[in-house]
Amino acid sequence: MTDHDQISRRTAVTAVAATAALLPFAGAATAHAQGAAAQDSFFQHGVASGDPLPDGVLLWTRVTPTASATPGSGRGPATKVSWQVASDKNFTSVVARGNLTTSAASDHTVKADVRGLHPATHYYYRFAVDGQHSPVGRTRTAPAPDTAAGNIRFGVVSCANWESGYFSPYRHLAARTELDAVLHVGDYLYEYKSGEYPEYKYVVRPHTPAHELLTLADYRIRHGVHKTDPDAMAMHATHPVIAMWDDHEFADNAWKGGAVNHTPETEGPWSARMAAAKQAYFEWMPVRPSIAGTTYRRLRFGTLADLHLLDLRSFRDAQAKPGSGAVDDPSRTITGRAQLDWLKSGLERSDTAWRLVGTSVMISQVAFGAVPAKLLGPLAEILGIPKEGLAINTDQWDGYTDDRRELLSHLSDRGIDNTVFLTGDIHMAWANEVPLQAATYPADRAVATEFVVTSVTSDNVDDFLHVAPHTLSLAGVAAIKAANRHVKWLDMDSHGYGVLDIDAQRTQMDYFGVSDKTDPNATSTLLRSYLTRSGSQQVERADQPLV
């Protein structure tokens, strides 16, 4: 067993077992979250939990010990923080407790890695400083490794740009108290300066700090702002969040040696910027660091699913130029050798009904075909590739075809069925089959499936064109589907979230869209539902959504 097979205990805490207690109404989490922002509170950034295990979960908060001890300030005294876990929201049955000390060295963030809890059980938790309690959070442990749970259910989100709108999808996920966890597949925040994306006249709410993120203080400040959003606070207070990063937690189209919008001559060494971004991320997110401060790790949910989370920014080579032969160069990698071997081994050894892979960028092959000229510019902006024409998006696995070929051939050669890739990044919703070679599909069957969720707020095609959704983009949808027969559904315009339900017979994704990302009270509507049946490696439209 490798270090990645069982996540290391950073703060092991012994606790006693407890029974489950369910939150009677989701509004409680929202009320707690909104109350947490009071300026005289020690707890201005809410609470969160993450990375659920059968016997424990990671708890998080941030303390503001003095008025000047704002995120990124480097100010404020060391502060003792206590925490409690209970089987009921009134804390009449406390099952675990402990004390920690936080300081400016960790930006006054707090993490308690609690163990000794019961599997598949809801718990409530809170923190305290000098007798003042934090908001109450609700979390849930994973099923025991050998337990055949009836189903597990995740919310799935990606790409939440503060300036582009409000985080209503988080609010709607907070209201769904039946979820086991929320999976955030990247771009939890954006590093841009204010008014760069989108341009100033379309900014819904400005960034803080207003300049592009470069330093540790910069990243800490912006993380802190995101943790004051009431919808984000409600989601974190209601569900454990399983998060992995993509590029914008660092900089646009980040790779191991740089990024599109990083200039070493004026912005300093890329290694220093990436180290600062990673430090802030691990301080502010309810995530256990994996080996060498990466996010690739594995979580298990009973006998139903292993969830493999990939880090596709720390080890990748620079993106190739579209149309160049470099995309097929076997010396270039998106995963790094060690991570790819770890993933292949984990998929082969998995004994669960399903193998889920969180990949921040799309693995399905995509050719853009005869996309209408009017759509080239907006699509290029979203994909971060030249506007003169679209062949492939080299930031995705399409730009690292040897790694993809090796991984998909491994699935085919070893007869590894029921692999489902869960993806974000592209600001569109997709339901795909994943063939070894798109050119020979469907003569050669698919070896996996992929569900891609759209953005929470980040601009997509109708936003760039400033037209009504599902009008001009429909021609682009038709062109892409015609050139890619394995793409079963594509929505270029909606913003929202997914709800993924897994049982022994099928895995189903319900795609939801919000009415208006600029409206903090946006409503939510089902867009489509797609499923893959056990053993099929095929995507089909579901007759009805989940409960």
Backbone N/O of P206 and side chain of W162: donor-acceptor pair under 3.5 Å: yes

side-chain hydrogen bond (donor to acceptor under 3.5 Å, both in side chains) contacts in which one or both residues fall within residues 269-280, not counting sequence neighbours: E212-R273, Y219-R273, H262-R273, K278-S314, Q279-E283

Distance under 6.0 Å and angle within 45° of ring axis: R138 vs Y123: no

Side-chain donor/acceptor of T457 to backbone N/O of A160, under 3.5 Å: no

Side-chain ion pair, R297 and D51, N-O less than 4.0 Å: yes

Check: W430 and M428 side chains under 4.5 Å, non-hydrogen atoms: yes

Set of residues satisfying ring pair (Phe, Tyr, Trp, His ring centres under 6.0 Å) with respect to F512, sequence neighbours excluded: Y497

Under 3.5 Å: donor-acceptor pair, side chain of H239, backbone of L173: yes

Residue pairs passing the salt bridge (Lys or Arg N to Asp or Glu O under 4.0 Å) test where at least one lies in residues 59-79, sequence neighbours excluded: R62-D107

Distance-only side-chain donor-acceptor flag, S458 / S164, under 3.5 Å: no

Residues D306 and R349 bridged, charged N to O under 4.0 Å: no

Heavy-atom side-chain proximity of I242 to L307 below 4.5 angstrom: yes

Any donor-acceptor pair under 3.5 Å from S103 side chain to P77 backbone: no

K517 bridged to D459 by N-O distance under 4.0 Å: yes

Ion pair R115/D113, N-O distance below 4.0 Å: yes

Ring centre gap for F301 and F154 strictly below 6.0 Å: yes

P209 side chain reached by R222 side chain, heavy atoms, under 4.5 Å: yes

Taking every non-hydrogen atom, the tightest pair across G224 and P71: CA-CG, 4.2 Å

Short side-chain to backbone donor-acceptor contact, Q132 and V129, under 3.5 Å: no

Y190 to C159 - nearest heavy-atom pair and separation: OH-CB, 3.4 Å

Polar side-chain atom of T228 near backbone of V225 as donor-acceptor pair, under 3.5 Å: yes

Charged tip of R97 within 45° of W83 ring normal and under 6.0 Å: no

Smallest separation among heavy atoms of W342 and L309, with atom names: CH2-O, 4.0 Å

Any V185 side-chain heavy atom under 4.5 Å of M244 side chain: yes

4.5 Å side-chain heavy-atom contact, L347 and H308: yes

Option among Y296, F282, Y188, W284 that satisfies the ring pair (Phe, Tyr, Trp, His ring centres under 6.0 Å) test with W245: F282

Selection residues 182-191 - residue pairs positive for salt bridge (Lys or Arg N to Asp or Glu O under 4.0 Å), sequence neighbours left out: none

Under 3.5 Å side-chain donor-acceptor pair for Q339 and D341: no

4.5 Å side-chain heavy-atom contact, D311 and R316: no

Flag, side chain of Q84 to backbone of Y125, donor-acceptor distance under 3.5 Å: no

Closest contact, heavy atoms only, N460 versus S455: ND2-OG, 4.4 Å

Verdict with reasoning, D229 to R171, per salt bridge (Lys or Arg N to Asp or Glu O under 4.0 Å): CA-CA 10 Å; D229 178 88; R171 172 168 48 84; over 6 Å; no

Side chain R140, main chain P240, donor-acceptor under 3.5 Å: no

Check: T359 side chain, V361 main-chain N or O, donor-acceptor pair, under 3.5 Å: yes

N151 versus D503, closest heavy-atom pair with distance: CB-CB, 4.2 Å

Any donor-acceptor pair under 3.5 Å from T102 side chain to T79 backbone: no

Non-neighbouring partners of E178 that pass side-chain hydrogen bond (donor to acceptor under 3.5 Å, both in side chains), sequence neighbours left out: R153, R176

Side-chain heavy-atom pair V453, M509 within 4.5 angstrom cut-off: yes

Summary of salt bridge (Lys or Arg N to Asp or Glu O under 4.0 Å) pairs that have at least one residue in residues 351-360, sequence neighbours excluded: R300-D351

Contact check, side chains of L189 and H223, non-hydrogen atoms, under 4.5 Å: yes

Shortest non-hydrogen separation from S158 to H184 and the atoms involved: CA-CE1, 4.0 Å

